[in-house]
Each structure stands twice: as C-alpha cells, then as structure tokens.
Amino acid sequence: MSDSRHYLDNDEKSVVIVMTSGPSQRHRCATPFYIGAIMASMDADVKIFFTMEGVRLCQKGVPEQLTALDGGKTIIEFMRDAKAAGVRFYMCRPAMPGYEIEVDDVIPEVDEMSSGGELADLILSSDKALFF
Amino acid sequence: MECNGCEFRSELYYDADYQIWVRAEEDGMLAVGMTDISQSIAGKILHVRVRKPGTRRPAGKPVATIESGKWAGPVPNLFDCSIVDGNITVLEDPSLLNRQPYMSWIARVAPEGTVEQALSVLVTGDVAWAGYQARCRRDGIQCKRLPA
C-alpha cells in the first residue's frame, strides 16, 4: 500500500450535496451525511441542500426515528456528525408546503431556509454538485 | 483513572470536548491522538488519513480524517502548526486506535509558536479530569475498546 493513500493533499473545494431522498428511501439517507462529513474534514466547504422529499429529514420527529438500516444509527446522528465536521444545512422553503411542514416543525440543525434560486446559485458557484 | 470505562491520562493535554489528546515530545514536536471517548463514539476505525507532511494547519483546520463504519469526521486541531509525519503503524492498522488509543499517536506536528503557546489552549491534569468525566456522564458514553 503506497503512502499516498494515507496522506491528504487536496485543495480546498466547495461542494453542494442536493438531498432529494427522504423516508420513502431510507437506505439513501445516511451516506450523504457521512461523505459530507469526510469532505468537510478534508477542508471542503460543504453545504447540504434539502429539497423534494429530502425536506422531511428536516422535520422534527422524522430523522430521530429513521435509520438507513434496521438497528442502525439514526439519521439525526449522521446529520449531527456532519454538522460537527463543519457541514451547513439549507432547506428548500418552496418544498415545505407540499409536505405540510411549518417553520416551527424544522429541526434546529438547519442553518438557513432558502429559495430555489439560491439552490441554483449554489450549484453554479460550487466546484462540485452531488445529488442523492 | 477511568469514567464509564473510558481511560483518562492526567499527563496528557486535551481539547475542551475531549476528542483529542496532545503530548509534548522531547524533540519539541507535539504528538496528537484520539481519546478513549472518541474511539468509543467512532466504533471500529477503518481508515485514517493525515494531512501531507509539511502542510501548514492553522487552528481550526483538521490534522487528519477518521472513518469507521458508522462515523466520519476530523481529528481537530486547536493551534497553528505544520504536519511533521503520520504514524505509519496506525495508518496501516487503524484499529490500533480502538485498542490502544493512548499508545497510538496519529500525527506529529510542529507548533508555529512555542510548545507552551500551543499547549496553553488545551486542558490537562485535574481540570481535564473533571471535564472528561462530565463529558462521559453528560453524553452517556460507555467505553467500547477493542481487546488489545
């Protein structure tokens, strides 16, 4: 095994992860936070933007009860790990009415409520955009 | 000394969340490792990657990344330093962090100021022991060390 596998030498990058998956696809709901935490730990400026069914992960009571695998860690724990590593959370305000989510229902881990236009800005201005 | 089974060593220096320990070396460098608390939270560690030797790491920029099957995150850094080297034994066998967290340093760093300046942002001794116990109890952390 070469030493290069053990050492980090990446430039600082910006990454936006667009999280469209929600409780109906729970197996897709842990890895984006895990990879976000890794990238933030590698000096990347990481933002996770919740839209479509992904906004349900920002609804109080949902990520606390949801696991990607039976018996696994809850999604809120993965989300908090990502936050602790420096990831910022953005929630799509226009998606909220469709899922009957009120502002008071949103978990405190969310940093900002944003518009679709702000998501477009993030995608266009980031070095990388990932969709889950 | 231990709390909820998590070992504590009073001679080491710690960050306020007791994620990392720091030890002054005889050659003026500082060794950085992860605490029994951190390895218990992470679970079995699968990968460790250290910033390339020679890289400057200002306060707030991680020294390394850690991955287990259920947790990923940084090895935080609280003072301005440069990476000297990574512990190749740990990099090749990261589970050492789960078995011997205080014998297994992750990286050695050179402080940009004096050693005393670097250590001044950390806690040690009785103050650290009190904080360590408080963290264990507040978060209900139970030691999950792998057998040596």
Side-chain angles (χ1 to χ4, degrees), chain A residues 1-15 17 19 26-48 63-64 66-89 109 128 130 132, chain B residues 15-20 34 37-38 41-77 82-94 96-97 106-109 135 139-141 144:
Chain A
M1 190 179 292
S2 70
D3 278 358
S4 63
R5 286 201 57 186
H6 296 318
Y7 290 104
L8 297 162
D9 192 24
N10 58 288
D11 295 328
E12 294 190 16
K13 299 277 189 185
S14 58
V15 180
I17 295 173
M19 188 64 187
R26 64 181 183 126
H27 58 285
R28 296 178 62 86
C29 291
T31 300
F33 302 106
Y34 185 93
I35 191 69
I38 295 174
M39 290 191 292
S41 302
M42 295 171 67
D43 289 357
D45 174 17
V46 183
K47 298 179 174 72
I48 295 181
E64 295 90 339
L66 192 67
T67 59
L69 299 170
D70 289 341
K73 197 162 116 172
T74 61
I75 300 304
I76 193 71
E77 291 176 290
F78 281 101
M79 295 170 80
R80 288 174 179 158
D81 290 344
K83 291 282 295 182
V87 176
R88 288 180 61 79
F89 289 170
E109 284 77 6
K128 303 284 182 189
L130 306 174
F132 285 93
Chain B
D15 65 299
D17 292 324
Y18 302 92
Q19 299 176 81
I20 59 164
M34 66 191 301
I37 287 178
S38 288
I41 292 171
K44 187 178 179 184
I45 295 164
L46 304 174
H47 300 284
V48 180
R49 298 178 78 196
V50 175
R51 275 277 151 192
K52 185 179 176 182
T55 308
R56 180 82 172 261
R57 304 309 287 162
K61 292 289 186 182
V63 167
T65 63
I66 301 280
E67 295 175 57
S68 70
K70 63 173 186 175
W71 185 88
V75 175
N77 170 46
S82 294
I83 304 293
V84 176
D85 53 11
N87 184 348
I88 193 65
T89 307
V90 167
L91 299 178
E92 294 281 1
D93 181 9
L96 281 170
L97 298 172
I106 296 170
R108 290 187 347 124
V109 303
R135 171 87 202 278
D139 296 336
I141 298 164
K144 295 176 182 171

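The structure presented is a predicted model; accordingly, all values stated were derived computationally and were not measured. Within every chain, numbering begins at 1; the chains are lettered A, B, ... in the order of the sequence lines, protein sequences first and strands thereafter.
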Who are the salt bridge (charged side-chain N to carboxylate O under 4.0 Å, His left out) partners of B:Lys52, not counting sequence neighbours? A:Asp9
Between A:Lys73 and B:Lys70, is there a donor-acceptor pair closer than 3.5 Å when you use the side chain of the first and the backbone of the second? yes
Search all heavy atoms of B:Gly69 against all heavy atoms of A:Tyr34 and return the closest pair with its distance. O-CE1, 4.3 Å
Roughly how far apart are B:Arg49 CZ and A:Ile38 CD1, rounded to 0.5 Å? 9.0 Å
Interchain contact, A:Phe78 with chain B, by part (heavy-atom threshold 4.5 Å): side chain
For a quick test of reading the model, state the closest non-hydrogen atom pair linking B:Pro62 to A:Ser41 and the distance between them. CG-O, 3.5 Å
Identified side chain to side chain contact (heavy atoms under 4.5 Å, CB included) counterpart of A:His6 within the set B:Ile88, B:Asn87, B:Val50: B:Ile88
Summary of salt bridge (charged side-chain N to carboxylate O under 4.0 Å, His left out) pairs that have at least one residue in residues 32-43 of chain A, sequence neighbours excluded: A:Asp43-B:Arg51, A:Asp43-B:Arg57
What is the minimum heavy-atom distance between B:Ala72 and A:Ala37, and which atoms define it? O-CB, 3.4 Å
